[in-house]
Structure formats: C-alpha cells, structure tokens
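Structure, as structure tokens:
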Amino acid sequence: MSESSPRISKETSIYGDKFKIASWNVNSLKVRLPHVEQWLKKAEPDILVLQETKTIDENFPAEEIQNMGYQVVFSGQKTYNGVAILCKDEYLIEDVVMDLPDLDDPQRRILAATINGIRILDLYVVNGSEVGSEKFEYKLHWLEKVTNWIEEQSKQYKKFVILGDFNIAPKDRDVHNPKSWHEKILCSTPERNALQKILDLGFADSFRLFEQEDETYSWWDYRSGGFDKNMGLRIDLVLSSKLLAEQCTASYVDPEPRGWERPSDHAPVVSEYRNLK
DNA sequence: ATGGTTGCGTAGCAA
C-alpha cells in the first residue's frame, strides 16, 4: 500500500478507529499468561483489565506483557485476588489508585487509572460466599465504600468506565437457572440493589445497550461441565458513564477462550467506543 | 446431592 492511499477497512469509519476496552478474570495470571497473549493478538484491545492475578507484585510477569506490546500496572497479593490494567504502548497511564481513602483493606481488588483521557476502574468485587455470611456482609460493605468513591470520582471524570468481575448477575436473564439461584449468592436482592446504586450514579450496563442473544454468560463453574451445558452467569460487566454510553458501538462476551485448553472459568467481556482516539 | 473442579501451595481455603 502506498503512503498516500487511504486505509480502508471495517476498523475505520467516519468516527475514526474504534476504542476497545475489555475485562477478564484470568484465575491466576501465571497459568493463563499464554491465553492472555493469544487473546491480545486476536482481539487487539486498547485496554484490558484483569482480575484474580493471584501473584505478588514481585513475581508479576511485567516483562512478558511488555513484550506483547502492552504497558501494565498492577496490584497483587499472595495466593488470592490481584488486579492489573494493560494498555497499548501509545497511551499514557496517569493517576493510578489502588487504595480508597475510606477503605482500609489488605485485599487487592481495586485498581484505577486514567488512560487516553478515560477514567478506568478495574474491580474484583468480593464473592461473598453465602448470603448472610460474614463474607457477604464484607461484600456489601466493600460495595458501599467503592460506590461512594465512584460517586466522588464521577464529579471529576465524565469519561468513566467501571469494569471487572462484579460477582453479581444483574437480572434473572443473566442466570442459566434463575429458580435454583433464587436469592443465592451472586443473585440476591441486596447484591443487585448494591449494583443498581452504582448504575444510578449515571452508568449503563454496556452489554444491555444492544440486542443480545439469550443465555449469554461470562462465567461457568469448572464443576459438572458447566461450560459445555452453558450453565453460566453473566457476572463480568462493563459499566459506561453516560458520555461513553453514547459513544458505545458494541458490547459482547467472547466465549472462545473459555473453550481453550486449561481455561479460566471466566470469559473476556468487551466494549467498543467511537470518537475516543 | 453440602456433591463437583481449579489454583495455590503442599492442607485446606476460596471460588
């Protein structure tokens, strides 16, 4: 192609190149690093946020990720949790936050950064174990503190994406068997109300901005062949602020990596935007 | 059915 000829492809439109943001709970980055590399090559997201990296910062595979053409910031701990934000080399990463002023928590579940003028908040929401348990109360308390911080950040950042493993299925249509999950963990009313409080701050569940196939999920239990039977839940979400929801052109789950050898139990979720580059 | 599977770390917890 000569230098003067315009680049014409489905990637280019009158709105300019799409800007692609994705989230993936990898359930151990050490084990899943080959999948992350394979998926980055396939999807070419501008930003990919990870949850459950399950590694201390000292052992984080930063060089390997840089060799994939991505910058990375991360917040990890031993054995559990751990979050990371990857973005293409061309962007600046600014204003990184991993601790909320009002939440003293050793668990590494929160990572915020501003990239390409967009505030990105990567969340690994507490699972909660069982409704009514101590961990459940911690989940609700954690969500309350995070929601308060989001409200404050929203005043400052109009281009704002909150994404990650929310460990909450927003509605019964996001659940393979709503009857068996009725008021169970990930589906209970207090959890759904807590999610709604975030949405009420002016965010949209990007996936629901578009027509979607029924029974689309993002997580399938390793046990009992959950993926093959499509017994899943949609608990991995991309929430777009009003301004970004207007620019959102697509949002979907990519179930392919869930079918790869030795997969994470989660699939990547993606949202695409116009006019952001 | 308090089952089943995976990861970390090497027993039992967390998901």
Residues within residues 28-39 of chain A bordering DNA chain B, heavy-atom distance below 4.0 Å: A/S28, A/V31, A/R32
Members of residues 121-128 of chain A that approach DNA chain B, where some heavy atom sits under 4.0 Å away: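 Of all residues in residues 121-128 of chain A, the ones placing a heavy atom under 4.0 Å from DNA chain B are A/Y124, A/N127.
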Flag for A/K139-A/N127: side-chain donor and acceptor within less than 3.5 Å: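 No, because no side-chain N or O of A/N127 sits under 3.5 Å from a partner of the opposite role on A/K139.
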DNA chain B: 5'-proximal contact among A/E52 and A/G225 (nearest heavy atom): A/G225
With [atom1] as the reference atom in both, quote the distance from [N] to [M] in angstrom, rounded to an integer.
N	M	atom1	result
B/dG4	B/dA14	C1'	15 Å
B/dC8	B/dG3	P	24 Å
B/dT2	B/dA15	C1'	15 Å

All side-chain contact (heavy atoms from CB on, under 4.5 Å) counterparts of A/S224, not counting sequence neighbours: A/K229
Under the salt bridge (charged side-chain N to carboxylate O under 4.0 Å, His left out) test, residues paired with A/D165 that sit two or more places apart: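 Per chain and number, A/D165 pairs via salt bridge (charged side-chain N to carboxylate O under 4.0 Å, His left out) with no residue.
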Residue list, salt bridge (charged side-chain N to carboxylate O under 4.0 Å, His left out) with A/K135, at least two apart or on another chain: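 Testing A/K135 for salt bridge (charged side-chain N to carboxylate O under 4.0 Å, His left out), a comparison that skips the adjacent residues, returns none.
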ILVMFWY clustering at 4.5 Å (side-chain atoms), partners of A/V72: A/W24, A/V26, A/L29, A/L33, A/V36, A/W39, A/L40, A/L48, A/L50, A/F60, A/I65, A/M68, A/Y70, A/F74, A/L86, A/Y252, A/W260, A/V270
Whichever hydrophobic residues join A/L186 through chains of side-chain contacts under 4.5 Å: A/V131, A/F136, A/L140, A/V175, A/W181, A/I185, A/W219, A/L233, A/I235
Exceeds 12 heavy-atom contacts within 6.0 angstrom, atom CG of A/N67: yes
side-chain hydrogen bond (donor to acceptor under 3.5 Å, both in side chains) partners of A/Q196, counting only residues at least two apart: A/D200
Listed partners of A/R173 passing side-chain hydrogen bond (donor to acceptor under 3.5 Å, both in side chains), at least two apart: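 A/R173 satisfies side-chain hydrogen bond (donor to acceptor under 3.5 Å, both in side chains) with no other residue.
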Sugar-phosphate, base or nothing in reach of A/R258, heavy atoms under 4.0 Å: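 Contact class for A/R258: none.
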Residue list, ring pair (Phe, Tyr, Trp, His ring centres under 6.0 Å) with A/F160, at least two apart or on another chain: A/F203
Residues that A/F19 engages under ring pair (Phe, Tyr, Trp, His ring centres under 6.0 Å), provided they are two or more places apart: A/Y91
Covered region of DNA chain B, 5' end to 3' end, by chain A [heavy atoms, under 4.0 Å]: B/dG4 to B/dA15
